[in-house]
Amino acid sequence: MSNVVTEGNDVLRVDHESGRMNGRVSCKKVAIIGGGFAGIEAAKHLRGSDVHVTVIDRSSYHTFQPLLYQVALAVLSPSDITRPIRSILGAAANIDVLLGEVEKISRENQKVILKSGECLDYDYLVLASGSTSSYFGNDRWSLHAPALKSIVNAVEIRTRLLLEFEKAEAQGQRSESVPDIHFVVIGGGPTGVELAGAIADVCRNVLNRDFHYVRPREARISLYEGGPAILAAFPPKLQAEGLAQLKELGVAVHTGVHITDIHEGAVFVEGKEVASNVTLWAAGVAPSALGAALGVPLDKRGAVVVNEFLNPEGNPNVFVCGDLAAVTENGRRIPAVAQPAMQMGKHAARLIIADIKGKARTPFHYFDKGDMATIGTRKAVARVAWPFKAQWSGRLAWITWLVVHLSFLSGLDHQMSVLFTWLYTYITKTTRSRLIVIPERSPLDAE
Ligand SMILES: Cc1cc2nc3c(=O)[nH]c(=O)nc-3n(C[C@H](O)[C@H](O)[C@H](O)COP(=O)(O)OP(=O)(O)OC[C@H]3O[C@@H](n4cnc5c(N)ncnc54)[C@H](O)[C@@H]3O)c2cc1C
């Protein structure tokens with residue numbers, strides 16, 4: 001199916017199936033900042049429509065963040081959970097992809113300004129730049145306790161974890177005595193729980209066969225959470241089951257305690273020093289700084305307050321989606337996770353198309369399908385909200401988690417590769433990505 005659009009003297013033919021156009025592209029320009037869950041979904045739903053879209057991202061690839069911890073634990077490779085944004089969207093002729101970091105947004109002049117100095121005009125802006133790790137003002141802690149937010153972080157964490165065993169093994173070869181190894185995870189939300197569970201699982205079931213002197217299964221793993229319970233967003237029954245599953249894996253869980261300082265090799269728990277070989281930060285995220293660059297009201301976390309059409313009040317041509325948007329429905333804040341981000345991106349695209357067709361805008365509603373967290377192999381907790389309501393834990397929740405995550409991975413090739421790797425890992429109890437990638441400045445340099 002195709003239709004003809006005219007602009008001045010230009011006649012444009014738009015093929016809605018392939019998204020290809022003959023002649024110049026159509027008049028309205030849509031700038032999408034961020035090729036994450038929200039931005040990609042918005043772009044996909046504008047494919048072949050009568051707008052010209054530019055997707056700008058500082059990375060050339062989309063990252064499936066829910067599986068980052070498996071890269072950090074050497075189960076998956078970076079390429080299993082990333083996909084070039086061009087390969088997701090490149091075939092659509094009305095979509096350009098631009099690699100670059102956005103520095104400023106001028107709402108008055110409708111321009112996006114990149115760090116490179118390049119300027120891009122827009123008629124509609126979809127701002128979906130996500131969130132970053134937050135150390136609550138203690139930025140120095142990031143040197144000693146990396147967070148898990150990107151592929152670069154995941155590879156760094158993998159290197160730090162595996163290096164500890166190499167160092168202990170080397171000491172064992174020299175002196176036949178091996179040091180104790182203690183890993184500390186700070187933050188008992190889904191990311192912290194998944195990290196702690198996966199470290200325990202990989203130490204006990206995978207790495208243990210790799211070494212002659214060090215015994216990875218004897219490594220201690222501690223999880224610290226400042227609140228009264230882990231998995232705060234889950235129902236109490238699932239919190240308790242998640243806790244039991246972590247304990248079964250040998251993770252020492254400490255709730256209601258605060259980390260007061262972090263140094264290289266140690267964390268301070270309520271002021272008391274605890275030795276830690278590797279400390280990982282999963283305690284805080286903050287909305288992307290581009291929210292503040294918009295110059296519109298923010299909530300206390302720094303997310304952009306938007307109305308039911310996902311616009312900051314008084315800015316109908318600016319849509320803010322995903323982790324960066326503070327959306328409230330029925331008095332409840334919509335969580336900053338992947339499903340709402342994708343739904344917001346899709347809805348913003350629909351509203352742009354409605355505008356162009358002269359149709360009325362419809363408000364955004366979040367369709368909650370539930371949430372899940374996995375705890376090592378064969379264990380998980382799941383709050384199912386659709387197509388029926390249920391609360392599962394253990395193996396059934398884990399299988400649900402596997403199916404859901406596989407189905408949301410972008411591309412059949414990635415789905416097949418990840419499925420194969422999971423089966424291989426499950427059957428052989430080994431992982432294929434146990435690579436220590438030493439950065440130019442490595443943790444070893446300090447020695
Ligand atoms: C370790 C981890 C595990 C998670 N697990 C789950 C889970 O199991 N289930 C779940 O539902 N959610 C999970 N989440 C949360 C989920 O990934 C996020 O809610 C989701 O990615 C938000 O989508 P988004 O589009 O708003 O932002 P993102 O997906 O983060 O995308 C933002 C994009 O903007 C780009 N960007 C940022 N700033 C700029 C700039 N200045 N210029 C250009 N580009 C820029 C970034 O490069 C990025 O590509 C997890 C998150 C993490 C970190």
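Computed from heavy atoms alone, side chains included, the values below leave out hydrogens, waters and symmetry copies. Order of listing sets the numbers, starting from 1, for every ligand and every atom in it.
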Visitor: What residue and heavy atom of the protein are closest to atom 49 (O) of ligand 1, and at what distance?
Guide: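 In this structure, atom 49 (O) of ligand 1 has D57 OD2, 2.6 Å as its nearest protein heavy atom.
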Visitor: Distance to 0.1 Å, residue and atom name: give those for the protein heavy atom nearest to atom 23 (O) of ligand 1.
Guide: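 That would be A341 CB, 3.6 Å.
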Visitor: Kindly indicate whether the side chain of D80, heavy atoms from C-beta on, has any atom under 4.5 Å from the side chain of L67.
Guide: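 With C-beta onward as the side chain, the pair stays apart.
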Visitor: Could you tell me whether some N/O pair between A336 and ligand 1 is separated by less than 3.5 angstrom?
Guide: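 Yes, there is a polar N/O contact under 3.5 Å.
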Visitor: Ignoring hydrogens and angles, state whether a donor on the side chain of H52 or D96 is under 3.5 Å from an acceptor on the partner side chain.
Guide: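 The criterion, which ignores hydrogens and geometry beyond distance, is satisfied for D96 and H52.
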Visitor: Determine, considering heavy atoms only, which of E194, E41, Q65, E103 sits nearest to atom 17 (O) of ligand 1.
Guide: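 Nearest heavy atom to atom 17 (O) of ligand 1 lies in Q65.
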Visitor: Would you say R58 has any N or O atom under 3.5 Å from an N or O of ligand 1, going by distance alone?
Guide: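 Yes - when backbone and side-chain N and O of R58 are compared with those of ligand 1, one distance drops under 3.5 Å.
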Visitor: Between K111 and D121, is the closest basic N to carboxylate O distance under 4.0 Å?
Guide: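 Yes.
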Visitor: Where does V285 meet ligand 1, judged by heavy-atom distances below 4.0 Å: at the side chain, the backbone, both, or neither?
Guide: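 Near ligand 1, V285 shows nothing, with every heavy atom at 4.0 Å or more.
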Visitor: One thing to verify: whether E164 and R160 come together as a salt bridge, which I'm taking to mean a side-chain N less than 4.0 angstrom from a carboxylate O.
Guide: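 A salt bridge is absent here (no side-chain N lies under 4.0 Å from a carboxylate O).
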Visitor: Is there a donor in the side chain of Y61 and an acceptor in the side chain of R86, or the other way round, less than 3.5 Å apart?
Guide: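 No donor-acceptor contact under 3.5 Å links the two side chains.
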Visitor: Can you list the atoms of ligand 1 that are under 4.0 Å from a heavy atom of K149?
Guide: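 That gives atoms 53 (C) of ligand 1.
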Visitor: How about R432 and S77: does a side-chain donor come under 3.5 Å of a side-chain acceptor?
Guide: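 Looking only at side-chain atoms, S77 and R432 do not form any donor-acceptor pair under 3.5 Å.
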Visitor: Would you call the rings of H254 and Y224 parallel, tilted or perpendicular if under 30° counts as parallel and over 60° as perpendicular?
Guide: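 The rings of H254 and Y224 lie parallel, inter-plane angle below 30°.
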Visitor: Could you tell me which atoms of ligand 1, counted from 1 in the order shown, lie closer than 4.0 angstrom to a heavy atom of G36?
Guide: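 That gives atoms 25 (O), 28 (P), 29 (O), 31 (O), 33 (C), 49 (O) of ligand 1.
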Visitor: List the steps and the verdict of side-chain hydrogen bond (donor to acceptor under 3.5 Å, both in side chains) for D355 and Y124.
Guide: CA-CA 10 Å; D355 272 13; Y124 290 98; 2.8 Å; yes
Visitor: Under 3.5 Å between any N/O of L290 and any N/O of ligand 1: does that happen in this structure?
Guide: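 By distance alone, the answer is no.
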Visitor: Nearest protein heavy atom to atom 37 (C) of ligand 1, by residue and atom, and its distance?
Guide: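 The protein heavy atom lying closest is S129 O, 3.2 Å.
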Visitor: Give the ring-plane orientation class for F136 versus W281, where under 30° counts as parallel, over 60° as perpendicular and anything between as tilted.
Guide: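 F136 vs W281 ring planes: perpendicular.
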Visitor: Taking 4.0 angstrom as the limit, do D50 and K357 come out as a salt bridge?
Guide: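 Not counted as a salt bridge, because no side-chain N and carboxylate O are separated by less than 4.0 Å.
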Visitor: Report the part of H405 in contact with ligand 1, treating N, CA, C, O as backbone and CB onward as side chain, heavy atoms under 4.0 Å; options are side chain, backbone, both, neither.
Guide: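 The side chain, only.
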Visitor: At less than 4.0 angstrom from any non-hydrogen atom of G100, what atoms of ligand 1 do you find?
Guide: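 Selected atoms, number and element: 42 (N), 43 (C).
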Visitor: In the protein, what heavy atom is nearest to atom 27 (O) of ligand 1, and what distance, to one decimal place, separates them?
Guide: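 Checked against all protein heavy atoms, atom 27 (O) of ligand 1 sits closest to G130 CA, 3.3 Å.
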Visitor: Could you give me the CA-CA distance, side-chain angles and deciding distance for F183 and F165, then say whether ring pair (Phe, Tyr, Trp, His ring centres under 6.0 Å) is met?
Guide: CA-CA 11 Å; F183 298 127; F165 292 115; 5.7 Å; yes
Visitor: Quick one: do D201 and K429 make a salt bridge, cutoff under 4.0 Å?
Guide: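 Not counted as a salt bridge, because no side-chain N and carboxylate O are separated by less than 4.0 Å.
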Visitor: Quick check: A338 and ligand 1, any N/O pair under 3.5 Å apart?
Guide: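 Between A338 and ligand 1, an N or O pair is found under 3.5 Å apart.
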Visitor: Looking only at protein heavy atoms, which one is nearest to atom 19 (O) of ligand 1, and what is the separation?
Guide: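 That would be D323 OD1, 2.7 Å.
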Visitor: If you measure every N or O of Y61 against every N or O of ligand 1, does any of those distances drop under 3.5 Å?
Guide: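 Between Y61 and ligand 1 (N or O atoms, distance only) the closest approach is not under 3.5 Å.
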Visitor: So, regarding T191 and ligand 1 (criterion: nitrogen or oxygen to nitrogen or oxygen, under 3.5 Å), is there a contact or not?
Guide: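 No.
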Visitor: Does ligand 1 have an atom under 4.0 Å from some heavy atom of P340?
Guide: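 No.
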Visitor: Does ligand 1 have any atom that is closer than 4.0 Å to a heavy atom of L148?
Guide: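 L148 counts as a contact of ligand 1 under the 4.0 Å cut-off.
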Visitor: Does V102, backbone or side chain, put an N or O under 3.5 Å from an N or O of ligand 1?
Guide: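 Yes: some nitrogen or oxygen of V102 is under 3.5 Å from one in ligand 1.
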Visitor: Any side-chain donor-acceptor pair under 3.5 Å between T82 and T63?
Guide: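 Per modelled atom types, T82 and T63 side chains form no pair under 3.5 Å.
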Visitor: At less than 4.0 angstrom from any non-hydrogen atom of A128, what atoms of ligand 1 do you find?
Guide: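 Checking each atom against A128, I get 32 (C), 33 (C), 34 (O).
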Visitor: L351 vs F364, test: side-chain contact (heavy atoms from CB on, under 4.5 Å). Steps then yes/no.
Guide: CA-CA 10 Å; L351 296 188; F364 173 76; over 6 Å; no
Visitor: Starting from atom 21 (O) of ligand 1, what is the nearest protein heavy atom, named by residue and atom, and what distance separates them?
Guide: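 Protein heavy atom with the smallest distance to atom 21 (O) of ligand 1: F37 CD1, 3.1 Å.
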Visitor: Heavy-atom distance to atom 14 (N) of ligand 1: which of A147, P66, G192 wins?
Guide: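 That would be P66.
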Visitor: Under 4.0 Å from a heavy atom of G34: give me the atoms of ligand 1 that qualify, with their elements.
Guide: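 Taking each heavy atom of G34 in turn, ligand 1 has 33 (C), 34 (O), 35 (C) under 4.0 Å.
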Visitor: For ligand 1, is there an N or O atom under 3.5 Å from any N or O atom of A38?
Guide: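 By distance alone, the answer is yes.
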Visitor: By number and element, which atoms of ligand 1 are closer than 4.0 Å to a non-hydrogen atom of G322?
Guide: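 With G322 as reference, the close atoms of ligand 1 come out as 26 (O).
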Visitor: Are K379 and W398 in a cation-pi contact, defined as NZ or CZ under 6.0 Å from the six-membered ring centre and within 45° of the axis?
Guide: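 No, K379 does not sit over the ring of W398.
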